[in-house]
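To start, the structure itself, in structure tokens.
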Amino acid sequence: MLRISYSRRLRLLKVGADSKRHISSSIVQRQAVPAVATQPPSGGFLSWLLGDKPAVKVPPLHEPLEGVKVPSPLPDFVKPAETKLSVLPNGLKVASENTMGPTATIGIYVNSGSMYENPLNFGVTHLLEKMAFKSTLNRSHLRLVREVEAIGGNITASASREQMSYTGDAIKTHMPEMVELLVDSVRNPVFHAWEVKEQLAAIKVESAEASKNPQTLLLEALHSAGYAGALGQPLLAPESALVRLNPDVLHEFIAENYTAPRMVLAASGVDHNELLSVAEPLLADLPAVPLTQPPVSEYVGGDWRGQADTPRTHVAVAFEVPGGWRNEKDAITATVLQTLLGGGGSFSAGGPGKGMYSRLYLRVLNHYGDVESFTAFSAVYNDTGLFGIHATSVCAFCNDLHYAHGIYLKLEQIRILFLSLIFNFTYNADYSLR
């Protein structure tokens, strides 16, 4: 009885295998690539399991299929895009780099910032940043915003002590529209009284918020204490100076500083000749005023202390970067030094391990629990700059003894770092900067 049952099961299994082989063969014929589909069916996995031999040998996967072209691999070295520069007859510079990608970034940069202000217009740079992309002679503010939205663009403006920048991003096909919009915003602002009044109110709110931001206050204090002259002037508009700012002051500042030799139109992701054909008719009539010497700034060093109702104490120590960006070697050294030191907060907000392996984190934050933040920073300009370390700690840790100890920690870390540089420990910084 057992033998009959076993034979019946074997016959049923062979019948199932034949039907399965027929189904799998038809599927292979429909789905296989042409080079394989023309061959007879091989049987499938169940046939192999039952000991059947495939009728035709299937080509192995590591061999290319007949009639299928394999694309050539990418070259080991891809030549970077070339930066092209043209100077218009009035002295305005146009620079571009045709990079890959669907979008283009265009910017107008003006050699004008808070260092060009005087006691009669302190804060005008800050206000100009707020008034960027408002109403012009050709567009209302609403129309300007709608046009940017229509081309899927993005516009921003920022002010610094040396420069004003107006930038825009858009798809490459909308490059002419973005260039025209940027030029119109820079050359033809109206400065309606109600718009100026609205932005002055916004600056008052922003100044009140900045007074509660220790990092912003310390950076401003470092400049006022470290420099005598133009760079020591505040970037944020003082509240006492806002009463003197009006549309006439804005127009006068632009007429004096927004001249062709002090402006650069730069773009990434566009053809240089196409950019010139669009920009030259819009910018060729700018006045070609001869360049003047920039305001003088002298690094003198100093000390600044301020009282605040806060449970924490913030301390910053900074040194001069002589020569600024014009001294390329020292400027790059300061950048590498900042990367080597690193630092951050005792709480890693960006996820586990973010910044926890930098020198300042390992050698300071890991050993002093009362230190909440210890970070390297830099602010480099054309002819000078600042490099330093900012620390945050609880007030109890910062009595006279510990205050001096905190300064010692900063100087000691810089000394140790320079010793590390002597012994060629710059590989990690170079790798992290790539």
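Residues take their numbers from the sequence shown, with the count starting at 1.
Residues S207 and E239 form no side-chain contact, since every pair of their non-hydrogen atoms from C-beta on lies 4.5 Å or further apart. F122 has its side chain within reach of Q233: a pair of non-hydrogen atoms, C-beta onward, lies under 4.5 Å apart. At a threshold of 4.5 Å between non-hydrogen side-chain atoms, the residues N246 and V249 count as touching. The shortest side-chain heavy-atom distance between H126 and L235 does not fall under the 4.5 Å cut-off. Residues L182 and L265 fail the side-chain proximity criterion, which asks for heavy atoms closer than 4.5 Å. In this structure, the side chains of N111 and M263 stay at 4.5 Å or more apart for every pair of heavy atoms. Looking at heavy atoms from C-beta onward, V190 lies in side-chain contact with L137 at the 4.5 angstrom threshold.
Side-chain atoms of N327 never come within 3.5 Å of backbone atoms of G324 as a donor-acceptor pair (strictly under, hydrogens ignored). A donor-acceptor contact shorter than 3.5 Å is absent between the side chain of H272 and the backbone of N98. R139 places no side-chain N or O within 3.5 Å of a backbone atom of E147 that could act as its donor or acceptor partner. In this structure, the side chain of N154 does not engage the main chain of D169 through any donor-acceptor pair within 3.5 Å. Checking side-chain atoms of R187 against main-chain N and O of L282 turns up a donor-acceptor pair under 3.5 Å.
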Run M175 and E274 through side chain to side chain contact (heavy atoms under 4.5 Å, CB included) and show every step you take. CA-CA 9 Å; M175 180 271 293; E274 292 182 8; 4.1 Å; yes
Derivation and outcome, side chain to side chain contact (heavy atoms under 4.5 Å, CB included), residues M131 and L127: CA-CA 6 Å; M131 292 298 299; L127 182 56; 4.1 Å; yes
Evaluate the criterion side chain to side chain contact (heavy atoms under 4.5 Å, CB included) for residue pair L250 and L128; output intermediate values, then yes/no. CA-CA 7 Å; L250 295 176; L128 280 175; 3.9 Å; yes
Step-by-step side chain to side chain contact (heavy atoms under 4.5 Å, CB included) determination, T259 to L286: CA-CA 7 Å; T259 58; L286 270 172; over 6 Å; no
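Taking CG of L88 as the reference point, atom CG of L283 lies at 6.5 Å (rounded to 0.5 Å). Here L231 contributes atom CG and S224 contributes atom OG; the two are 11.5 Å apart, rounded to the nearest 0.5 Å.
The residues R161 and E220 are annotated as salt-bridged, a charged nitrogen and a carboxylate oxygen being separated by less than 4.0 angstrom. A salt bridge between E206 and K130 is present, with a side-chain N of the basic residue lying under 4.0 Å from a carboxylate O of the acidic one. Classification of D271 and K84 as a salt-bridged pair fails, no side-chain N sitting under 4.0 Å from a carboxylate O.
Side chains of T384 and E320: a donor-acceptor N/O pair is present below 3.5 angstrom, by distance only. Using modelled atom types, one finds no donor on one side chain facing an acceptor on the other under 3.5 Å when comparing S268 with E97. One side chain, Q338 or S378, offers a donor N or O that lies under 3.5 Å from an acceptor on the other. Side chain to side chain, H390 and T375 fail the donor-acceptor criterion of an N or O pair below 3.5 Å. Inspection of the D184 and T136 side chains reveals an N or O donor paired with an N or O acceptor under 3.5 Å. A side-chain donor-acceptor contact under 3.5 Å links S135 and E195.
Using a 30° and 60° split on the angle between ring planes, Y258 and F253 fall in the perpendicular class, above 60°.
The side-chain tip of R262 does not point at the ring of Y109 from less than 6.0 angstrom away and within 45° of straight on.
Side-chain rings of F319 and F387 stay apart, their centers remaining 6.0 Å or farther from each other. H141 has its ring centre no less than 6.0 Å from the ring centre of F133.
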